[in-house]
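Each chain gets a letter, A, B and so on, in the order the sequences are listed, and its residues count up from 1.
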2 protein chains.
Amino acid sequence: MPMQTALQYPHAGHAVPGAIVQKRAIAFIDVPTRFKKGQTVFSEGSAALHFYEVVSGTVRTSQLLKDGRRQIDAFHLKGDLFGFEASALHRVGAEVVEDATLRIYQRSQLERMLAEDAEFAQRVVAAMMHAIERAQSHMLLLGRKSALERIATFLLDMSGRLSEMSHLDLPMSRSDIADHLGLTIETVSRTLTQLERKGVIELPSHRRSIVLRDRIALRRLDA
Amino acid sequence: MPMQTALQYPHAGHAVPGAIVQKRAIAFIDVPTRFKKGQTVFSEGSAALHFYEVVSGTVRTSQLLKDGRRQIDAFHLKGDLFGFEASALHRVGAEVVEDATLRIYQRSQLERMLAEDAEFAQRVVAAMMHAIERAQSHMLLLGRKSALERIATFLLDMSGRLSEMSHLDLPMSRSDIADHLGLTIETVSRTLTQLERKGVIELPSHRRSIVLRDRIALRRLDA
DNA sequence: CGCATCTTTGAATCTGGTCAAGGACGGTGG
DNA sequence: CCACCGTCCTTGACCAGATTCAAAGATGCG
């Protein structure tokens with residue numbers, strides 16, 4: 001486990017755009033690390049020694065039941081912080097959905113950084129509040145929305161986070177979408193087809209792209 | 001809105017057991033406020049000027065869809081902090097489930113307190129990490145568990161939080177349970193009856209109490 | 001070009017929801 | 001003290017949305 005502080009790194013102290021700590025470059029590995037698609041960032045149940053910032057790419061955090069059922073609680077895109085844990089172990093696992101570059105922070109220094117760096121403390125607190133809000137919206141989706149509403153919500157959300165253009169390039173598979181929305185891949189597929197037949201979206205042959213043809217209709221479908 | 005600091009309160013600076021800030025008693029209304037059952041603590045969409053600590057009683061936070069569907073994201077018991085928001089408005093509403101006493105903190109001072117009081121910052125960060133973990137578990141429940149598994153999880157969780165004894169006194173109605181677990185009241189009722197018939201629990205005539213007869217079986221049912 | 005993987009589609013099944021009615025508890029007032 | 005009433009809870013019959021099982025169709029990588 002790399003327990004060295006960034007002080008030992010030649011790059012420490014550089015003003016990296018988007019870095020949490022700019023002035024005081026202790027406590028994170030300044031050189032972002034590359035991860036490949038499918039790679040495990042950390043496993044459910046492993047020691048929570050670090051937390052992470054997405055510099056580029058996409059990461060999913062998920063939990064598994066013994067029989068293999070999976071729930072993806074969130075997809076993390078550029079700028080997102082993830083991997084915070086109240087306990088000593090990771091309660092969720094994290095895997096790379098799309099080649100990613102991550103900045104790795106030492107959890108052991110979280111407390112010190114909270115105490116010493118007010119700017120950092122505020123960014124961490126803000127990131128956590130956002131995580132809580134997204135979790136709350138997602139519980140509403142999982143607890144109370146129909147399949148059609150879930151897909152509509154998902155498309156609008158991804159559109160907002162990825163591009164705002166009508167053309168979406170989803171980084172994840174149907175199976176990831178299903179496990180995020182609490183559906184099966186068959187239902188995800190059928191619902192997308194249904195939206196295409198209504199003319200609300202378009203599904204090009206490259207199945208990871210989706211064109212939003214009618215955002216108004218999509219918002220109407222999203223409870 | 002009471003915007004005065006605790007410095008203006010005669011009680012300021014008292015070492016109140018369980019208070020977030022003991023040494024530096026700025027920024028919270030030192031005298032806990034009483035709320036009655038059914039009372040609204042804050043509404044969904046209202047300005048997020050405060051956050052709260054449960055001194056006694058039970059509070060639920062929930063979201064509504066336009067057509068009335070409701071999702072209760074959490075029940076807050078003694079010691080819990082709630083009402084944090086990343087944005088200016090409350091994205092969830094909070095209502096009292098069981099007569100409660102709440103300590104009210106000024107949100108406007110959150111940032112200052114984070115900067116000035118490291119102990120406070122850590123308690124807030126810890127509370128948020130717990131909220132995130134509970135939200136993650138709850139997403140797993142809502143996305144992937146059957147009605148029976150949801151009820152088993154719920155009973156074990158409430159038992160852990162309320163008493164650890166085999167006798168549970170639930171503070172909330174079937175309707176609250178249903179809206180928390182993403183089920184209908186009929187399914188909650190049927191599932192409890194089913195567990196009673198199996199001898200796993202007992203349902204005394206006072207329908208808010210439940211006796212856990214067989215925790216092992218309950219844990220086996222909880223995926 | 002061919003194979004492995006992902007996606008779509010169809011048919012049957014099932015879990016949980018909906019609609020409807022009856023029952024029990026507890027508070028209120030006579 | 002007891003009868004009444006409102007609310008909450010339970011139960012039953014039927015229904016619907018989503019899952020399961022099965023198979024065919026695409027896509028894209030090697």
Side-chain angles (χ1 to χ4, degrees), chain A residues 36-38 60 65 67-71 97-99 141-154 168-198 201-210 221 223, chain B residues 36-38 60 65 67-71 97-99 141-154 168-198 201-210 221 223:
Chain A
K36 276 173 289 183
K37 179 174 165 172
R60 63 174 181 247
L65 293 176
D67 64 3
R69 279 173 287 173
R70 180 178 68 153
Q71 177 64 41
V97 171
E98 186 186 38
D99 289 5
L141 178 147
L142 294 171
R144 288 300 179 222
K145 293 189 185 180
S146 70
L148 192 57
E149 291 167 341
R150 292 180 200 205
I151 294 288
T153 304
F154 176 74
L168 269 183
D169 262 310
L170 297 177
M172 73 290 286
S173 67
R174 297 286 186 265
S175 152
D176 280 347
I177 297 173
D179 285 349
H180 185 47
L181 302 183
L183 300 169
T184 59
I185 56 174
E186 292 95 331
T187 300
V188 170
S189 183
R190 272 187 258 271
T191 307
L192 287 171
T193 304
Q194 186 184 336
L195 286 172
E196 187 177 37
R197 274 197 289 260
K198 285 193 209 170
I201 63 173
E202 202 172 310
L203 296 167
S205 73
H206 174 42
R207 268 40 244 308
R208 296 285 174 98
S209 359
I210 296 185
L221 291 172
Chain B
K36 276 174 289 183
K37 179 172 167 175
R60 63 174 181 247
L65 294 174
D67 65 3
R69 279 174 286 173
R70 180 179 68 153
Q71 177 64 41
V97 171
E98 187 185 38
D99 288 5
L141 177 147
L142 294 172
R144 288 300 180 223
K145 293 190 183 179
S146 69
L148 191 56
E149 291 167 342
R150 292 179 199 206
I151 294 287
T153 303
F154 176 74
L168 270 183
D169 263 309
L170 298 177
M172 74 288 288
S173 68
R174 296 287 187 266
S175 154
D176 280 347
I177 297 173
D179 285 349
H180 185 47
L181 302 182
L183 300 169
T184 58
I185 56 173
E186 293 93 333
T187 299
V188 170
S189 183
R190 273 187 259 270
T191 307
L192 288 171
T193 304
Q194 187 184 334
L195 286 172
E196 186 177 37
R197 275 197 289 259
K198 285 194 208 169
I201 63 172
E202 201 172 312
L203 297 167
S205 72
H206 174 45
R207 266 47 240 309
R208 296 285 175 98
S209 5
I210 296 185
L221 291 172

_From CZ of B:R69 over to P of C:dG16, roughly how many Å is that when rounded to an integer?_
18 Å

_Identified salt bridge (charged side-chain N to carboxylate O under 4.0 Å, His left out) partner of A:D179 from the options A:R69, A:R70, A:R174_ = A:R70

*asked:* I need the CG-P distance between A:L203 and C:dT8, as an integer number of Å.
replied: 7 Å

_Per-nucleotide protein contact string for nucleotides 15-28 of chain D, where B marks a base within reach and S marks sugar-phosphate only (heavy atoms under 4.0 Å, - for neither)_ = ---SBBB-----SS

*Atom-to-atom span, CG of B:L170 to P of D:dC8 - whole angstrom*: 16 Å

*asked:* So, using side chain to side chain donor-acceptor pair (under 3.5 Å) as the criterion, who are the partners of B:E202 when residues are at least two apart?
replied: B:R213

_Tell me the interatomic distance from B:R208, atom CZ, to C:dA24, atom P, rounded to whole angstroms._
18 Å

*Provide, to the nearest angstrom, the distance between the CZ atom belonging to B:R174 and the P atom belonging to C:dG23.*
19 Å

_Please report the distance, rounded to the nearest Å, between CD1 in B:I185 and P in C:dT18._
11 Å

*Which heavy atom in A:T184 sits nearest to a heavy atom in A:A178, and how many Å separate them?*
C-CB, 3.5 Å

_Can you give me the closest heavy-atom contact between A:S209 and A:P204, atom names plus distance?_
O-CD, 3.2 Å

*Does B:T193 place a side-chain N or O at less than 4.0 Å from the phosphate oxygens OP1/OP2 of D:dT11?*
yes

*Is there a side-chain contact between A:L142 and A:Q71, using heavy atoms and a 4.5 Å cut-off?*
yes

*Measure from CG on B:L195 to P on D:dT10 and round the result to the nearest Å.*
12 Å

*Assign B:S189 to base, sugar-phosphate, or nothing according to its heavy-atom contacts below 4.0 angstrom with the strands shown.*
base

_Length of the CG-P vector between B:L192 and C:dA24, whole Å_ = 18 Å

_Contact summary for A:A152 and A:L221, nearest pair of heavy atoms_ = CB-CB, 4.1 Å

